[in-house]
Amino acid sequence: MKIQTGLLAFVFAIALAAPVAAQDAGGDAKAGKTLFLANGCYSCHGTVGQGSPRTGPTLGHMELPFSVFASRLRTPVNEMPPYTAKVLTYAQVGDIYAYLKSIPAAPDYKTIKLLQ
């Protein structure tokens, strides 16, 4: 039942993303980092979006389209609080998105000598 509820919430979030899809995802990564830290996103997702299985998913090197990211931010499916337009404007959401997109992907663990 929980999986169905999560899936339904995800599909609903995608449907709500339609008006956001027209929004330009371009943003200021430096301002986005400031907003990411100032609004407490780091407390669950880590300072560079690395995430944790216990607190929140990985967000660094963002792969989600902007419309889906913005929709999940506004109407999250789990324990994350909603970041409504009263908390973050769409321009600020675009800045956070730009920051997350600017974070380089983690290296493949096979390339880290210490782990070999």
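Bear in mind the structure is a predicted one, so any value in this text is a computation, not a measurement.
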task: Identify the heavy atoms of Y99 and T47 that sit nearest to each other, and give their distance.
output: OH-O, 2.8 Å
task: Kindly determine whether L73 and M80 satisfy side-chain contact (heavy atoms from CB on, under 4.5 Å), including the steps that lead there.
output: CA-CA 8 Å; L73 191 72; M80 183 174 133; 3.6 Å; yes
statement: Scanning both residues in full, the closest heavy-atom pair of L64 with R72 reads CD1-NH1, 3.6 Å
query: How long is the span from the NZ atom in K110 to the CG atom in L115, to the nearest 0.5 Å?
result: 12.5 Å
- line: Residues V93 and R74: closest non-hydrogen pair is CG2-NH2, 3.8 Å
message: Please determine whether the number of non-hydrogen atoms from other residues, nucleotides or ligands lying under 6.0 Å from atom NZ of K101 exceeds 12.
response: yes
field: Spatial distance of atom CD1 (I96) from atom CG (L88) [nearest 0.5 Å]
entry: 4.5 Å
message: Between D95 (side chain only) and D28 (backbone N and O only), is there a donor and an acceptor less than 3.5 Å apart?
response: yes
message: Quick check against the 3.5 Å criterion: does H45 have a side-chain atom that pairs as donor or acceptor with the backbone of P57?
response: yes
- prompt: Aromatic rings Y97 and F66: how do their planes relate, parallel, tilted or perpendicular, breaks at 30° and 60°?
  reply: perpendicular
task: Assess whether atom CD of E79 is packed by more than 12 heavy atoms of other residues, nucleotides or ligands within 6.0 Å.
output: no
query: How close do V87 and Q92 get, heavy atom to heavy atom, and via which atoms?
result: O-OE1, 3.9 Å
- prompt: Does a side-chain heavy-atom distance below 4.5 Å link L100 with F69?
  reply: yes
message: How close do L59 and F36 get, counting heavy atoms only, and between which atoms?
response: CD1-CE1, 4.3 Å
- prompt: Checking S71 side chain against V68 main chain: does a donor-acceptor pair fall under 3.5 Å?
  reply: no
field: Nearest atoms (heavy-atom pairs only) where P82 meets P76
entry: CA-CD, 3.7 Å
